[in-house]
Amino acid sequence: MISKILIANRGEIAVRIIRAAKELGIKTVLTHSTVDKDSLAVKMADKSICIGPAPSMESYLFYQNILSAAISVKADAIHPGYGFLAENPLFAEACRALKIIFIGPHSNVIRKMGDKAKAKSIMEKFGVPVVPGSKGIISSINEAMTVVEKVGFPVIIKASAGGGGKGMRIVYDRSKMENAYKFASSEAQQAFGDSRIYIEKYISGPKHIEVQILGDKHGNVIHLFERDCSIQRRHQKLLEEAPCSSIDNNTRKEMGEIAVRAARSVKYDSAGTIEFLYDIESKKFYFMEMNTRIQVEHPVSEMITGVDLIKYQIKIANGEKLDLKQEDIQKRGYAIECRINAEDPLRDFSPSPGEISQLIVPGGPGIRVDSGVYPGYRIPPYYDSMIAKLIAWGSDRREAIERMKRALEEFYISGLKTTIPFHIGVLKNRKFLSGQYTTDFIEKDFD
Ligand code: MV4
């Protein structure tokens, strides 16, 4: 039985995990860096342990200290949140060796899905649609050319160790191929210490749609519908919504079933996400990657299904059987999440750290705020710039949008620049309102 969780993360997700643990009657211990000593999560956790300075040692990534802390407080489990240690199979294995429950999937799955070319091959073998391209890793320019001959230009070269957009290169014609191939592999080597690349047909102007799934250690897998995550800038998502308003119910059903099949094929045993590229014209969707962690945007799925994903993640890690069947998961209404970052949207989203001198947090019907800040809190410059997630639920998409607009206007954060004005702009944009926006929305449809 899990009775004490060590939380190896910071900010709003640490707060979110503390809340779930409290409701389950589980004690929490938070590890934190010196610059996070005044954080909201530190105040809320039952206990906190400082594990080192922020910038030089990358405290949260230096996992020996986290494991030592877990042993010394006798924690039964570690929740890694997202980022940091969530998708490091070595960390999950180290936890197991110490008989500490890693709150996430088995390390084997983390490793398999972390290798993006391998993940694609596994999915293809199990009948999950994938983007046409190379069968696994490409190891010479000749091999690359053979793939291009088969699928035609444009193609995209991706790092197998990458994901989330890092180390990708789009190629439009033959003459650029050799250079792009060399560039992509050396970039992958630099960024990930792994030069392996694979090639796919480039789908232009797709939607990024992802399906939330839950699997347990007894072979049960369900999906919790999809999220549209197409509003992003430089591979940073800014706004997400659930469900996707521009797919029909047949496509939705098929995508959900395929996502369940994908998760089953690797015996997935936690909360996870299957990412798809969706082509609006052909209505076809293709498996892209699987994320083996809880994601920033999980609240929109919680809001339309009423399922507390973090609680289930903990219960599953504890070995409990999923007490939900697919038929129990009904979607109700629409939810939108806006990421409120300490960034200046008028200055190319440059970071705007500093002290929050005054803070008025929105509320009222259908509004949820997941945040790690309070008035007088100083945003440290060392970590990512997200300071709050504002989530609005409505019985239809129109109501969710109107509530979000009203809540963004209620939100008052003084002392620094935030992405609030950007979001108000998005919510008034015609393309956004149509629901037909794609991943090139910010570049093409928004000013
Ligand atoms: C693609 C693609 C088009 N065709 N793959 C970006 C993140 C990484 N997970 C994969 N990405 C893409 N892969 C093929 N074959 C377009 C993107 C892409 C993208 C995907 C989702 C959300 C935003 C994006 C922005 C630019 C490119």
Task: Salt-bridge present (Asp440, Lys431; N to O < 4.0 Å) - done: no
Task: Side chains of Ile258 and Phe276 in contact at under 4.5 Å (non-hydrogen atoms) - done: yes
Task: Salt-bridge present (Arg233, Glu343; N to O < 4.0 Å) - done: no
Open item on the list: Whether the Asp344 and Ser350 side chains hold a donor-acceptor pair (N or O, under 3.5 Å, no angle test) is what I'd like checked.
Closed with: no
Task: Side chain to side chain, Val266 and His106, heavy atoms closer than 4.5 Å - done: no
Open item on the list: Between Glu297 and Arg339, does any NZ, NE, NH1 or NH2 come within less than 4.0 Å of an OD or OE carboxylate oxygen?
Closed with: yes
Task: Phe102 and Leu85, any side-chain heavy atoms less than 4.5 Å apart - done: no
Open item on the list: How long is the straight-line distance from CD1 of Ile137 back to CZ of Arg196, given to the nearest 0.5 Å?
Closed with: 4.5 Å
Open item on the list: Using 0.5 Å steps for rounding, measure from the CD atom of Glu289 to the OG1 atom of Thr273.
Closed with: 11.5 Å
TODO: Report yes or no: do Tyr383 and Ser33 form a side-chain donor-acceptor pair below 3.5 Å?
DONE: yes
Task: Interatomic spacing from OG1 in Thr305 to CG in Leu324 - rounded to 0.5 Å - done: 9.0 Å
Task: Residue Phe126 excluded, over 12 heavy atoms near CZ under 6.0 Å - done: yes
Task: Shortest non-hydrogen contact from Ile316 toward Gly215 - done: CD1-O, 3.2 Å
Task: The single option from Phe62, Tyr63, Phe84 passing ring-ring contact (aromatic ring centres under 6.0 Å, His included) against Phe91 - done: Tyr63
TODO: Could you tell me whether Lys321 and Asp216 have a side-chain N and a carboxylate O separated by less than 4.0 Å?
DONE: no
Open item on the list: Any non-hydrogen side-chain atom of Tyr286 less than 4.5 Å from a side-chain atom of Pro132?
Closed with: yes
- [ ] Show the numbers, then the answer: is there a side chain to side chain contact (heavy atoms under 4.5 Å, CB included) between Asn88 and Ile110?
- [x] CA-CA 7 Å; Asn88 183 340; Ile110 302 178; over 6 Å; no
Open item on the list: For Met177 versus Ile157, what's the shortest heavy-atom pair and its separation?
Closed with: CE-CD1, 4.1 Å
Task: Under 3.5 Å: donor-acceptor pair, side chain of Thr28, backbone of Leu6 - done: no
- [ ] Hey, could you give me the CZ/OG distance between Arg96 and Ser107, rounded to the nearest 0.5 Å?
- [x] 4.0 Å
Task: Working for salt bridge (charged side-chain N to carboxylate O under 4.0 Å, His left out), residues Arg10 and Asp384 - done: CA-CA 10 Å; Arg10 59 183 306 281; Asp384 84 16; 5.2 Å; no
TODO: Could you go through the side-chain hydrogen bond (donor to acceptor under 3.5 Å, both in side chains) check for Ser282 and Asp279 one step at a time?
DONE: CA-CA 6 Å; Ser282 67; Asp279 183 15; 2.9 Å; yes
Task: Lys/Arg cation over aromatic Phe432: Arg397, 6.0 Å, 45° cone - done: yes
Task: CD1-CD1 distance between Ile401 and Ile336, expressed to the nearest 0.5 angstrom - done: 4.5 Å
TODO: Tell me, yes or no, whether the heavy-atom count around Lys176 atom NZ, taken from other residues, nucleotides or ligands under 6.0 Å, exceeds 12.
DONE: no
Task: Closest non-hydrogen atom pair between Ile2 and Ile26, with its separation - done: O-CG1, 3.7 Å
Task: Within-4.5 Å side-chain heavy-atom neighbours: Cys50 and His32 - done: yes
TODO: Would you mind checking if Lys283 and Glu254 are paired as a salt bridge, meaning a charged N to carboxylate O distance below 4.0 Å?
DONE: no
TODO: Verify the distance criterion only: is there a donor paired with an acceptor across the side chains of Asp115 and Tyr198 at less than 3.5 Å?
DONE: no
Open item on the list: Testing the basics here: between Ala271 and Ile294, what is the closest heavy-atom pair and its distance to 0.1 Å?
Closed with: CB-CD1, 4.1 Å
TODO: Go through the side-chain N and O atoms of Asn65 and Ser68 and say whether any donor and acceptor fall under 3.5 Å apart.
DONE: no
Task: Candidates Arg227, Glu226, Glu275, Arg252 - the one meeting side-chain contact (heavy atoms from CB on, under 4.5 Å) with Ile209 - done: Glu226
- [ ] Check for a donor-acceptor pair, side chain of Arg293 on one end and backbone N or O of Gly81 on the other, with a separation under 3.5 Å.
- [x] no
TODO: Could you walk me through whether Phe349 and Phe422 pass the side chain to side chain contact (heavy atoms under 4.5 Å, CB included) test, one step at a time?
DONE: CA-CA 10 Å; Phe349 292 82; Phe422 162 83; 3.7 Å; yes
Open item on the list: Taking Glu124 first and then Lys120, would you say they form a salt bridge - that is, a charged N and a carboxylate O separated by under 4.0 Å?
Closed with: no
Open item on the list: So, taking the atom named SG in Cys229 and the one named NZ in Lys207, what distance separates them when rounded to the nearest 0.5 Å?
Closed with: 10.0 Å
Task: Atom NZ of Lys284: over 12 foreign heavy atoms under 6.0 Å - done: no
Open item on the list: Using every non-hydrogen atom in the two residues, find where Lys118 and Ser160 come nearest and quote the distance to one decimal.
Closed with: N-OG, 4.5 Å
- [ ] Taking atom NZ of Lys116 as the centre, report whether more than 12 heavy atoms of other residues, nucleotides or ligands fall under 6.0 Å from it.
- [x] yes
Open item on the list: Taking Arg174 first and then Glu149, would you say they form a salt bridge - that is, a charged N and a carboxylate O separated by under 4.0 Å?
Closed with: yes
- [ ] Without swapping roles, check the side chain of Asn9 against the backbone of His79 for a donor-acceptor pair under 3.5 Å.
- [x] no
TODO: Among Met404, Met303, Glu240, His298, find the one that has a side-chain contact (heavy atoms from CB on, under 4.5 Å) with Glu337.
DONE: Glu240
- [ ] Begin from the C-alpha positions of Ile231 and Tyr437 and carry the test side chain to side chain contact (heavy atoms under 4.5 Å, CB included) through to its verdict.
- [x] CA-CA 8 Å; Ile231 308 277; Tyr437 60 88; 3.5 Å; yes
Task: Side-chain ion pair, Arg19 and Glu23, N-O less than 4.0 Å - done: no
Open item on the list: Tell me the closest heavy-atom pair linking Ser270 and Pro105, and the distance in Å.
Closed with: CB-N, 3.5 Å
Task: Glu257/Arg261 under salt bridge (charged side-chain N to carboxylate O under 4.0 Å, His left out): CA gap, chis, key distance, verdict - done: CA-CA 6 Å; Glu257 285 168 2; Arg261 182 187 301 182; over 6 Å; no
- [ ] Inspect the contact between Lys237 and Glu210 and indicate whether a charged nitrogen and a carboxylate oxygen are less than 4.0 angstrom apart.
- [x] yes
Open item on the list: Measuring only between side-chain heavy atoms, which start at C-beta, is Ile442 closer than 4.5 Å to Gln232?
Closed with: no
Task: Ser140 and Asn142 side chains, donor-acceptor separation under 3.5 Å - done: no
Task: Minimum side-chain heavy-atom gap Tyr268-Met290 below 4.5 Å - done: yes
- [ ] Start with the C-alpha distance between Ile420 and Ile340, add both sets of side-chain angles, then the distance that settles side chain to side chain contact (heavy atoms under 4.5 Å, CB included), and finish with yes or no.
- [x] CA-CA 6 Å; Ile420 289 173; Ile340 313 299; 3.8 Å; yes
Task: Atom CZ of Arg332 with >12 non-hydrogen neighbours under 6.0 angstrom - done: no
Open item on the list: Could you go through Lys315 and Asp308, starting from their C-alpha distance and side-chain angles, then the distance that decides it, and tell me whether this counts as salt bridge (charged side-chain N to carboxylate O under 4.0 Å, His left out)?
Closed with: CA-CA 11 Å; Lys315 292 203 269 188; Asp308 185 323; over 6 Å; no
